[in-house]
Each structure stands twice: as structure tokens, then as C-alpha cells.
Amino acid sequence: VKLGAREARMVELLSDYQELTLPANLEIRYEGQGIGIDKEDDKLILSLKNDRFFPRALSLVQALDDLALPYYEEAKCPDLGFMPDLARNGVAKPETLKRLLAQLALMGYQSVQLYLEDVLEVPGYPYMGYLRGRYTAEDLKALDDFAYDLGIELFASVQTLAHLDRFLRWSHMHDIRDIDGILLVKEPKTYEYLDAMLTQVSGIFRSRRVNLGMDEAHMLGLGRYLIN
């Protein structure tokens, strides 16, 4: 099978997590708007919109005997995404996330946002993810590289207003705490923290997307903000 460098890299990574068989007569063509599989003379032709569809096409080739040829499928939405919640209890190990990314690539997912809350390393804020197994910048950069090689856009989902109970419970962080897990608005130190956190995130991931969570701040302004 003749594979380009990018496709060969995908096969190399995916083979660590699932046994893959590539027919010797496989030929890849980049054309059309989805994934097409058909026979042409003695060749098995994969027609792909782009190389991000290759992992999904590989999974279909594994079930070739169950497909009626010619076979064609087209994504119903331009970006099929998944968000694992990594902020509950101890964090998932990077190797566990790599296995998940490999499985998602084979299913056709093209983006994954990591829901992090406080479980990432931020310079100047040692209580971010303290005793929770937080991810280092190197951990997340390695995951970003892995996802990129599989055709997946990886980006962060972070909290910028509430859902920070585990971070703000430490007395060292009470200068930026309003009440419960809610940040203290109009406090300069709060914006210093947000700037440091978003600078860290933007320096880790290739993607220019980031999910800024501001949900469920039900008690906003009813703590230290109200007292002040």
C-alpha cells in the first residue's frame, strides 16, 4: 500500500490501540465531499475529502466484508466534536486520553475539547490542580501533537467565572474569590489570574479556539463583592 507521510503516521499511531489491516490493493484519492469506497479493476479505492477523514475510512476498511460497494458517507455536520470532563476527582492519565483520541479518530471525530477547570499547570498559581494530578504544559503539548497527527483539533475548555471550587477553596486564593467557586469580579488580581491562565492555554495548543465557561454562577456578586 502506498501511503503518504501523514497517512503512514496515522496508521502507526492507531495501530498501537487497534489492530489494523490494510489491503495490498488499496489506493487513496482525495476527491469528493466525504468518504467513498469502491472497487476499480483490481484496486480498492478510498475517496476522501481530506486526510482528516482517513482514520474513519480505515475503520470502515476493517469491516469491508459487511459493506455493500460502492459505499459512501458524508458528515452531517462540519465539525463532529467530543468533550471529556477531566475535572472530576483525579485526572485521566495522558495515556488514557491518547487511547480515547485514537478511538474518536476511528469513529470520525474531528475536534476534542478538554474540560479542565483547575487541572492544568499555570505559572504563578501553584494551587491550580493541587493534589489532583494536574496536567503539565508538556503533558498537554504532547496530547496536542498526538491529536494533530490523527487529524483532530484539540483545544481547551476552561472556566472564567464559576466552577472553581477546588481552586478557590485554598486560603491563598481568597483574594480572587467572591463566594463558593465564583471569581471576584472587578478585582484586578482576578484579571491577572485569567490573563495568566489564558496565556498558558494559548501557548500550549495549536488551535486558536478555546471554550470560555461562564455558566452556573448563581451566587455571583453575593459574597465578598456584595460586602465590599
Side-chain angles (χ1 to χ4, degrees), residues 5-20 33-35 48-62 73-122 128-129 132-161 163-164 166-167 197-216:
R6 187 152 168 79
E7 294 88 356
R9 177 61 174 161
M10 289 178 175
V11 172
E12 177 187 358
L13 293 177
L14 292 169
S15 295
D16 288 337
Y17 301 95
Q18 179 167 320
E19 184 178 348
L20 296 172
Q33 296 300 310
I35 299 173
L48 308 176
K49 181 179 180 180
N50 56 51
D51 57 20
R52 296 180 71 187
F53 286 74
F54 182 62
R56 167 64 180 167
L58 273 180
S59 71
L60 292 171
V61 168
Q62 308 312 300
E73 69 177 37
E74 189 171 321
K76 302 302 181 184
C77 59
D79 180 18
L80 182 61
F82 182 83
M83 183 175 72
D85 185 347
L86 305 177
R88 299 293 168 262
N89 305 312
V91 303
K93 292 181 179 180
E95 183 57 33
T96 299
L97 291 180
K98 286 184 178 182
R99 180 177 298 276
L100 174 64
L101 288 167
Q103 292 169 340
L104 291 172
L106 290 166
M107 290 190 286
Y109 283 81
Q110 296 186 330
S111 69
V112 173
Q113 54 179 305
L114 303 178
Y115 182 73
L116 296 169
E117 284 188 8
D118 68 316
V119 293
L120 73 157
E121 182 181 67
V122 176
M128 281 287 283
R132 300 233 289 141
R134 65 187 169 210
Y135 297 105
T136 66
E138 290 71 25
D139 290 333
L140 294 174
K141 285 180 179 179
L143 287 171
D144 187 54
D145 288 342
F146 186 85
Y148 176 79
D149 285 345
L150 293 180
I152 291 177
E153 179 187 8
L154 193 68
F155 61 100
S157 175
V158 295
Q159 289 294 344
T160 57
L161 185 59
H163 285 290
L164 292 169
R166 295 167 184 81
F167 174 45
M197 185 264 292
L198 292 174
T199 297
Q200 176 77 334
V201 166
S202 65
I204 290 173
F205 296 95
R206 288 177 174 81
S207 175
R208 295 299 84 195
R209 288 201 286 175
V210 58
N211 185 333
L212 301 180
M214 303 182 70
D215 60 306
E216 296 182 338

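- Closest approach of P55 and A105 over heavy atoms only: CB-O, 3.3 Å.
- Legend: residues meeting salt bridge (Lys or Arg N to Asp or Glu O under 4.0 Å) with D144, ordered by chain and number and at least two apart, are R206.
- Among residues two or more places apart in sequence or in another chain, the side chain to side chain donor-acceptor pair (under 3.5 Å) test is passed with S157 by none.
- Note that the CG atom of L114 and the CG atom of L143 stand 7.0 Å from one another [nearest 0.5 Å].
- Under the 3.5 Å distance criterion, the side-chain polar atoms of T160 are left unmatched by any main-chain donor or acceptor of L212.
- Not a single donor-acceptor pair under 3.5 Å links the side chain of D145 to the backbone N or O of A142.
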Inset, instruction - Check step by step if side-chain contact (heavy atoms from CB on, under 4.5 Å) holds for L154 and Y148. - result: CA-CA 7 Å; L154 193 68; Y148 176 79; over 6 Å; no
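- The side-chain contact (heavy atoms from CB on, under 4.5 Å) check on T199 picks up D195, with sequence neighbours excluded.
- The backbone N or O of S15 lies less than 3.5 Å from no partner atom in the side chain of E19, so there is not a single donor-acceptor pair.
- In terms of the side chain to side chain donor-acceptor pair (under 3.5 Å) criterion, N50 has no residue partners (sequence neighbours excluded).
- A heavy-atom distance below 4.5 Å is not found between the side chains of Q113 and P84.
- For the side-chain contact (heavy atoms from CB on, under 4.5 Å) test, residues two or more places apart in sequence or in another chain that qualify with D79 are Q110, S111, R209.
- In this structure, R9 fails the cation-pi test against F146, since its NZ or CZ atom is not both closer than 6.0 Å to the six-membered ring centre and inside 45 degrees of the ring normal.
- Side-chain contact between L106 and L104 is absent, with no heavy-atom pair separated by less than 4.5 Å.
- Applying the salt bridge (Lys or Arg N to Asp or Glu O under 4.0 Å) rule to E216 yields no partners; only residues at least two apart in sequence or on another chain are considered.
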Legend entry - Trace of the side-chain contact (heavy atoms from CB on, under 4.5 Å) decision for N211 with V158: CA-CA 6 Å; N211 185 333; V158 295; over 6 Å; no
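- Here CD of Q33 is found 6.0 Å from CD of E74. Values are rounded to the nearest 0.5 Å.
- Counting heavy atoms from C-beta on, the side chains of M10 and D149 never come closer than 4.5 Å.
- Between the side chain of Q200 and the main chain of E121, a donor-acceptor pair closer than 3.5 Å is present.
- Scanning for salt bridge (Lys or Arg N to Asp or Glu O under 4.0 Å) contacts around R134 gives an empty result, with sequence neighbours left out.
- Contacts of K141 classified as side-chain contact (heavy atoms from CB on, under 4.5 Å), with partners at least two apart in sequence or in another chain: I204.
- Sequence neighbours left out, the pairs with a member in residues 93-109 that pass side-chain hydrogen bond (donor to acceptor under 3.5 Å, both in side chains) are Y17-E95.
- Scanning for side-chain contact (heavy atoms from CB on, under 4.5 Å) contacts around V91 gives V119, Y135, with sequence neighbours left out.
- For E117, the side chain to side chain donor-acceptor pair (under 3.5 Å) partners two or more places apart in sequence, or in a different chain, are R88, Y115.
- Every residue two or more places apart in sequence or in another chain that forms a side chain to side chain donor-acceptor pair (under 3.5 Å) with R56 is listed here: E73.
- No side-chain heavy atom of V112 sits less than 4.5 Å from a side-chain heavy atom of L97.
- Remark: E12 CD to E7 CD distance equals 13.5 Å, nearest 0.5 Å.
- Residues L100 and F82 are in side-chain contact: their nearest non-hydrogen atoms beyond the backbone lie under 4.5 Å apart.
- Q159 has its side chain out of reach of M214: every pair of non-hydrogen atoms, C-beta onward, lies at least 4.5 Å apart.
- In this structure, CG on L140 lies 6.5 Å from CG on L116, to the nearest 0.5 angstrom.
- With salt bridges taken as basic N to acidic carboxylate O contacts below 4.0 Å, none links R166 and D118.
- Under a cut-off of 6.0 angstrom, the local environment of CG in N89 is sparse, with at most 12 non-hydrogen atoms contributed by other residues, nucleotides or ligands.
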